[in-house]
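Shown next, in structure tokens, is the structure this report addresses.
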Amino acid sequence: MPELPEVETTLRGIHPHLAGRRIQALVVRNRDLRWPLPKGIGSSLRGQTVNNITRRAKYLLFELDRGWLILHLGMSGSLRIIQNGASPEKHDHVDIVFGPDRLLRFRDPRRFGALIYTTRPPAEHKLLREMGPEPLGDECDGEYLFSRSRNRKQAVKSFIMDQRIVVGVGNIYASEALYRSGIHPQRAAGKISLPRYEALVAAIRQVLRASIAAGGTTLRDFVGESGQTGYYIRKLQVYGREGDACLKCGGAIRQLRIGQRASYYCPRCQR
DNA sequence: AGAGGTACCTGGCAGC
DNA sequence: TGCTGCCAGGTACCTC
């Protein structure tokens, strides 16, 4: 489920409950996540304080006293603050315990998520080292995408979903941003003009910001057993709308597969 | 180096 | 009511 806005919303939801808190224990019910949790991870974390939590791309970074916890939600992961001792359910694989009435519970049915402890700065970690700029930061602008795309024949949708180019643009928001900027998802990245990349960056920022703002309305859901994390109000204009009317021209939205991923577009409005 | 395919895993749904 | 096959919002890793 999580794309960048969901990860950002998760960060904002859990931060006030955990910042400054000391980890008392780690409860691991299933260590087989994307990479198996090492046996000693609990004793590494125990006693360390969460000094801050930040986000880089779709990774959450827990800054501890002597290291960092790198957490990725994968396709189906979610985090919740448990304050009432609610029993774990089937896919609740890990609890980070902060006290008798406070723990962070990691749920992930598909187990594509990851939890990594490192004593080196996360930016130097293999997973984060090669990543491109944040889409909401100044470094990513039309000029940047334009220059990185020259001579590339790859479909522009795959190009903007490549984390080495720009991070955090997942399958849904790639379709949405291309629709809003009028660019056909299959167009070769290297053949798109600078002004069109400027429009694309503006559209990427717009959809991500709007979704983060919508996610903000469900922050309270990060606490309590009835938490509905993962369900956010989204105003999707093309994604999942195959056969429905384009909101701009009334024509039928179509679906394509690009790099094995469903891609939605309007053949009339996107060139 | 760039581009594409495969793999990881469970659950939900359509179709028979 | 099964069963089967397909699909799902991510990304590391492999090959060409």
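Order of the sequence lines sets the chain letters (A, B, ...), proteins ahead of strands, with each chain counted from 1. Below, each value reflects all heavy atoms present in this structure, side chains not excepted, and no hydrogens, waters or symmetry copies.
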ring-ring contact (aromatic ring centres under 6.0 Å, His included) pairs touching residues 176-200 of chain A, sequence neighbours excluded, are A/His184-A/Tyr265
Can you tell if the side chain of A/Leu104 reaches within under 4.5 Å of the side chain of A/Phe62, non-hydrogen atoms only?
-> yes
From CG of A/Leu73 across to C1' of B/dC9 the rounded distance in Å is 16 Å
Can you name the atoms? Protein N/O to nucleotides 5-7 of chain B N/O, anything below 3.5 Å, with the distance.
unit_1, atom_1, unit_2, atom_2, d
B/dG5, OP2, A/Gln260, OE1, 3.0

Indicate yes or no: at least one non-hydrogen side-chain atom of A/Pro5 is less than 4.5 angstrom from one of A/Tyr173.
yes
Rounded to whole Å, CD1 of A/Ile165 lies from P of B/dA1 at a distance of 14 Å
- prompt: If you look at every strand shown and take non-hydrogen atoms under 4.0 Å, does A/Arg261 touch a base, only sugar-phosphate, or nothing?
  reply: base
Under a 4.5 Å cut-off applied to non-hydrogen side-chain atoms, are A/Glu3 and A/Val207 in contact?
no
Between C/dC3 and B/dC9, how many Å separate the two P atoms, rounded to a whole number? 23 Å
Taken to the nearest whole Å, NE2/A/His72 to P/B/dC9 is 17 Å
Please evaluate residues A/His72 and A/Arg34 with respect to the criterion side chain to side chain contact (heavy atoms under 4.5 Å, CB included), reporting the C-alpha separation (whole Å), side-chain torsions for both, the decisive distance (0.1 Å), and the verdict. CA-CA 9 Å; A/His72 197 291; A/Arg34 176 168 200 120; over 6 Å; no
Donor-acceptor check, side chain of A/Ser175 to backbone of A/Tyr239, threshold 3.5 angstrom: yes or no?
no
In whole angstroms, the gap separating P of C/dG10 from CG of A/Asp108 amounts to 13 Å
Note to self: Between A/Ser76 and A/Gly74 (side chain of the first, backbone of the second, donor and acceptor by atom type, cut-off under 3.5 Å), is there such a pair?
What the structure shows: no
Judged by nearest nucleotide, the residue sitting upstream toward the 5' end of DNA chain B, A/Asn151 or A/Lys90, is A/Asn151
Using modelled atom types and a 3.5 Å cut-off, is there a donor and acceptor pairing between side-chain atoms of A/Glu176 and backbone atoms of A/Gln237?
yes
Rounded to whole Å, the CD-C1' distance (A/Gln163 to C/dG10) equals 8 Å
Whole-Å distance, A/Tyr59 OH to C/dG10 P, equals 12 Å
Measuring only between side-chain heavy atoms, which start at C-beta, is A/Lys58 closer than 4.5 Å to A/Gln163? yes
Has A/Lys248 got more than 12 heavy atoms of other residues, nucleotides or ligands less than 6.0 Å from its NZ?
yes
With the side chain defined as heavy atoms from C-beta on, A/Phe112 is closest, among B/dG11, B/dC8, C/dA8, to B/dC8
(request) For B/dG11, take OP1 and OP2 only and decide whether either is under 4.0 Å from a side-chain N or O of A/His91. (result) yes
In whole angstroms, the gap separating C1' of B/dC9 from CG of A/Asn30 amounts to 11 Å
Regarding the side chain of A/Arg152, the nearest nucleotide among C/dA8, C/dG10, B/dA3 is B/dA3
Applying the Watson-Crick and G-U criteria (both distances under 3.5 angstrom) with [ ] for crossing and | for other-strand pairs, one obtains for DNA chain B .|||||||.|||||||
Check: Yes or no on side chain to side chain contact (heavy atoms under 4.5 Å, CB included) for A/Phe159 and A/Asp162, after CA distance, side-chain angles and deciding distance?
Finding: CA-CA 5 Å; A/Phe159 175 70; A/Asp162 183 339; 5.7 Å; no
note: A/Arg31, atom CZ; B/dC9, atom C1'; distance rounded to Å ~ 18 Å
Short question: side chain of A/Gln270, backbone of A/Cys266 - any donor-acceptor pair under 3.5 Å? yes
Residues in residues 113-124 of chain A with a heavy atom under 4.0 Å of DNA chain C, by number, are none
Grab the N/O contacts between the protein and nucleotides 13-16 of chain C below 3.5 Å, and write none if there aren't any.
unit_1, atom_1, unit_2, atom_2, d
C/dC13, OP2, A/Lys126, NZ, 3.4

Using a 4.5 Å side-chain heavy-atom cut-off and chaining through intermediate ILVMFWY residues, the residues clustered with A/Leu128 come out as A/Trp35, A/Tyr59, A/Leu61, A/Ile70, A/Ile116, A/Leu127, A/Met131, A/Val167
Just checking A/Arg257: base, sugar-phosphate only, or nothing, at a heavy-atom cut-off of under 4.0 Å? sugar-phosphate
Mind checking A/Phe159 for me? I need base, sugar-phosphate or nothing, with any heavy atom below 4.0 Å counting as a touch.
nothing
Between the base of B/dC9 and the side chain of A/Arg111, is one N or O donor paired with an acceptor at under 3.5 angstrom?
no
inquiry  = Between A/Asp95 and A/Arg29, does the side chain to side chain contact (heavy atoms under 4.5 Å, CB included) criterion hold? Intermediate values first, please.
reply    = CA-CA 8 Å; A/Asp95 288 347; A/Arg29 296 181 201 86; 2.4 Å; yes
So, is A/Gln154 near the phosphate of B/dA3, with a side-chain N or O under 4.0 Å from OP1 or OP2?
-> yes
request  = For B/dT6 and C/dC6, measure between their P atoms and round to the nearest Å.
outcome  = 14 Å
Worksheet item: Do any N or O atoms from the side chain of A/Arg105 and from the backbone of A/Ala86 form a donor-acceptor pair under 3.5 angstrom?
Response: yes
